Participant: 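Shown below is the structure under consideration.
These numbers were taken from a predicted model, which means no experiment stands behind them. Each chain gets a letter, A, B and so on, in the order its sequence line appears, and its residues count up from 1.
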Amino acid sequence: MEKKLALQMRGITKRFGTVLANDHLDLDVYQGEILAILGENGCGKTTLMNMIAGIYFPDEGEILIDGKEVVIRSPKDAFDHRIGMVHQHFKLVDLFTAAENVVLGTQSDEKYNLKAVNAEVNQIADRYGFHLDPAKKIYDMSVSEKQTVEIIKVLYRGADILILDEPTAVLTPQEITRLFAVLRRMRTDGKSIIIITHKLNEVMEVSDRVAILRRGQHVATVRTAETNEADLTTMMVGRRIDLNIHRSQPVNALPRLIVEGLNLYNAEGIHVLKDISFTSNGGEILGIAGIAGSGQRELLESISGLQPVASGKITFFNPKKDRPVSFFHKSMKQVRALADKGAFHDRNMNSVNFRGMRSKAVRKMVKDGDVLFREDEVMNLRDKDPLEIRRLGIHLSFVPEDRLGMGLVGSMNITDNMMLRSYRKGPAGFLNRKKPKAQAETIIRDLEIVTPGVGTPVRRLSGGNVQKVLVGREIAYTPKVLMAAYPVRGLDIGSSYTIYNLLNRQKESGVAVIYVGEDLDVLLELCDRIMVMNGGAVTGIVDARTTTKEEIGLLMVKTDERKEAEDA
Amino acid sequence: MSKANKNGVREPLIHLSKRDSIHPGKALVIRLIAVVLGLVVCGLVAFLLIERLQQKPERIGDFYYSFIKGAFGTSRKFWKFLKNVSILLCISLALTPAFRMRFWNIGGEGQTLIGVLACIGVDFYWGGKLPEPLLLVLMLLAALAAGALWGTIPALFKAKWGTNETLFTLMMNYVATFLVSFFLMIWVTSGSGVLPQMKTGKLPTLGDNSYLLIILIVLALTIAMYVYLRYSKHGYEISVVGESVRTAQYVGINEKKVIIRTMILSGALCGLAGYLIGAGLDLSVSADSVGGQGFTAIMVSWLGKFNPLAMILTSGLIQVLNQGAAQISQDFDVPGALPNVIVGIILFFIIGSEFFLNYRVHFRKGKETVK
């Protein structure tokens, strides 16, 4: 059956400064189809959609709807042409109900009749299989419900062409399945749906055709039934990429970081971490899954000493080893007493005692690292700030999710960013940029960072390269524990796999890796164990090799029974 | 052109896009064009206004001649120019570390004034009773301490309670002004309210030039500040805190300590400027001792992009404008407001040029121009 064209774009071009975001793009959308737009970050997907939705105006080119040329200068124009867009970041009024948000901004001379709106919202919901209470306030809603409101808002205004910008990024697997069922029903109803995504499995599952963009250009449009994930990737990236993560069996996985009964209240007094307990082993990747904002960030920040916790224990554990005595955690008196007990030895394993030695001489021996002892390193990290943790000699690396706001200084160059952790070293007063510069050159070479040079401010680099600088610095610090929050967010496929490989290499060298991720497929392939969080509590810790996406999905929305009991 | 134009749809006549970066040479050209345009407009405005006021024709060239004469006319004027630049630069240097930390210290006026007051106070009570070198050292210490105190109070409040430093430092200016009035009431028994010049506590002169020492001190300070900000660990911490407090916390920098430490330095250097004014030039104090230079210094520091070496140029530029404008008002016998108009116009062009450094302007039909 030959379908009717709903929307055509001809030679669409958009520039931002010197950047060519869309380069003479042609795109057709038929009635009653789901078209997926696939491409890496920065390939111009969102820019293109924003031009259909009236947010940007194209520099060149034309847009045709039902075969007629139209001009879309504002979102209102777009609505007049029955085009509606659901943005990645919802645009809803929190204090209003679903129905109030739906009618907001519609211009009609009719009297504002909430009852009629409620009825109509219910009707739309029934028709496409949504579940929504029109009288519910937005602030009471889950992310998925908010998305439903956005979609209904667009349908209420009579849109026949719907654009969804990365709709699945914030949903659990079950919610995604439900969303796709709704989309299929809309397709049957004759609507045209454009879905922007970079998840290949979703493209394969829901779309009829796929348009692939690369660097602002339209590479190809193919029928989903006639392609596969590997071909799509090749078209998207422009070269073949190995999409396998080589996960090794953990060797000698011993506890490295033990968290017990951790509770944290944020600045507003909200209980954001509830009784969290887990163990992270050396030589293992522990994944943390959960809907964004379930307490992942707070957990990592409290472990790294950025947030003072209310109760619980955070213990760093390092098994028996020779280590130098230091005055940082023992006084001269304690050191002498321990030496009398025969606890210390020198480099040749001869027993050391300080009887008859002057304190000055003892201090020199200790400072020079000539006095060793053998013990398990068990250190309490709670209530210690990042500097104290560092001074204890615990190599705890943290790749925060906010790269330029927390992990790096955007206006500084790569060398100065490499120094962030180590600038205190060396003689007092002045900086020594020699070593950081060498380090910067090393990571630029090893991680294939694309930059004009070590002197370029990191803000100028692309997202993937910024992340490589950050991860590179944290790894250069030879961590014992490496925590990474959403390290591949916003990265292209090639860079993402570089990061996965880096994490794997750290694991193989015995580091305890904690990986907070959002893509469940990756979590399942990369991690050894996965801890799932919801609402600040741990809802389960599962073996990544045997669990399924569905099981994790259920854990992601499982509520804590104790909390239910409290609320009741 | 796209077909859309046939339907009456037009691309906007002008649209702007942000530049990622700009070639330094190009930036310099844009700035020079701004200065030249500013001078041309000033010339025209002054020419027309003066003609109006005087009811007699003047040649526009005379106006520029007079303008240049202000700063460079005679050797005495030139030395005065250098002295004024030095004091202004000194206060600007003092403010710069705070600005780099995004601590908007607009209390340079008060911090400097309190420095003048402290050093003249020491001179007033101990002048003649102590040997001159000891007196001078005491005056210096008093000025540094007073300036540091004036800078530290807002920093403490900011670090402890998160108060707004802009308002706080601004208010401290008024406290300083009224403290000066208060002490003048006590010190000046004649009732004139003007403190006669001290006989003691004067900075020595190098050779026969009374300004040379001040100029050399500030020059040394400029280089020291450049090195401090760029190569010291403190300077590095200041930059990190200024860019992102969260990053500072993440790497274990105690941002409160850095804020307080930097404001002690900033205030103390303002105090030093106060000492140079008090012991080096005025040998007296009045509510007008600093004469608004504490505020002008903010502009010097910003225009110099917080780079001490660039600030030599920006403070020089501002001083050329001030003295040139004053000369015009004297030569053409026009009201005192005219110089302010002239300075305003030129600054408008210079600050306006920043826009063209950050944005590229496109005109329709795909033609691109730099300005």
Side-chain angles (χ1 to χ4, degrees), chain A residues 10-13 15-19 57-63 69-73 301 304-307 384-391 398 400 402-412 416-417 419-433 452 456-457 459-460 473, chain B residues 1-12 15-23 100-102 162 224 226-258 305-306 358-362 364-366 368:
Chain A
R10 293 281 166 265
I12 294 287
T13 301
R15 293 184 193 87
F16 295 107
T18 52
V19 182
F57 191 78
D59 292 343
E60 278 172 46
E62 55 191 85
I63 299 172
E69 189 179 333
V70 295
V71 175
I72 303 169
R73 263 181 302 187
E301 289 190 3
S304 57
L306 289 166
Q307 301 223 24
K384 291 200 170 57
D385 67 31
L387 195 58
E388 285 170 330
I389 293 177
R390 215 190 134 74
R391 288 213 173 117
F398 176 30
D402 185 2
R403 289 161 209 161
L404 287 176
M406 191 166 183
L408 299 168
V409 180
S411 60
M412 287 187 180
D416 282 11
N417 270 295
M419 281 198 304
L420 266 175
R421 288 270 192 202
S422 59
Y423 77 95
R424 289 184 191 86
K425 278 189 200 153
F430 288 92
L431 297 165
N432 181 358
R433 285 190 168 87
T456 308
R459 188 184 288 135
R460 295 262 170 78
R473 184 190 69 206
Chain B
M1 280 298 341
S2 70
K3 271 189 188 170
N5 280 358
K6 280 189 213 152
N7 296 5
V9 187
R10 297 195 157 262
E11 216 187 311
H15 76 247
L16 305 171
S17 58
K18 199 151 169 51
R19 293 178 193 265
D20 307 342
S21 63
I22 183 162
H23 189 267
R100 279 181 84 112
M101 197 174 64
R102 310 254 166 107
Y226 180 77
V227 171
Y228 176 77
L229 291 174
R230 226 185 135 103
Y231 297 107
S232 80
K233 292 181 182 177
H234 285 187
Y236 183 74
E237 288 177 350
I238 288 171
S239 303
V240 175
V241 171
E243 181 77 16
S244 161
V245 172
R246 276 169 57 79
T247 306
Q249 289 165 345
Y250 165 78
V251 293
I253 294 173
N254 183 342
E255 86 278 6
K256 291 179 178 157
K257 201 178 106 189
V258 175
K305 297 264 153 68
F306 310 139
N358 286 320
Y359 291 92
R360 183 190 292 274
V361 180
H362 308 265
R364 193 163 45 202
K365 305 206 163 133
E368 274 187 17

Participant: Could you look at A:Lys425 and say if it's the side chain, the backbone, both or neither that has a heavy atom under 4.5 Å from chain B?
Facilitator: backbone
Participant: Checking A:Met412 against chain B: side chain, backbone, both or neither under 4.5 Å from a heavy atom?
Facilitator: side chain
Participant: With a 4.5 angstrom heavy-atom cut-off, which part of A:Asn432 approaches chain B: side chain, backbone, both or neither?
Facilitator: neither
Participant: Please give me the minimum heavy-atom distance between B:Val227 and A:Phe430, naming the atom from each residue.
Facilitator: CG1-CE2, 3.7 Å
Participant: Applying salt bridge (Lys or Arg N to Asp or Glu O under 4.0 Å), can you list everything that pairs with B:Arg100, at least two apart in sequence or on another chain?
Facilitator: none
Participant: Taking A:Ser304, A:Gly305, A:Pro400, A:Gly11 one by one, which has the highest count of heavy-atom pairs under 4.5 Å against chain B?
Facilitator: A:Pro400
Participant: I need the residue from A:Met419, A:Glu301, A:Arg390 with the largest number of non-hydrogen atom pairs under 4.5 Å to chain B.
Facilitator: A:Met419
Participant: Check whether A:Arg10 gets within reach of chain B through its side chain, its backbone, both or neither, counting any heavy atom under 4.5 Å.
Facilitator: neither
Participant: Can you say whether A:Ile389 sits under 4.5 Å from chain B via the side chain, the backbone, both, or neither, judging by heavy atoms?
Facilitator: neither
Participant: Residues in ring pair (Phe, Tyr, Trp, His ring centres under 6.0 Å) with B:Tyr226, at least two apart?
Facilitator: none
Participant: Would you call the rings of A:Phe398 and B:Tyr250 parallel, tilted or perpendicular, taking 30° and 60° as the class edges?
Facilitator: tilted
Participant: Give, as side chain, backbone, both or neither, the part of A:Leu306 having an atom under 4.5 angstrom from any heavy atom of chain B.
Facilitator: side chain
Participant: For A:Ser411 and A:Pro457, which heavy atoms make the closest approach, and how far apart are they?
Facilitator: O-CB, 3.8 Å
Participant: Okay, side chain of A:Arg473, backbone of A:Asn417: is any donor-acceptor separation there less than 3.5 Å?
Facilitator: yes
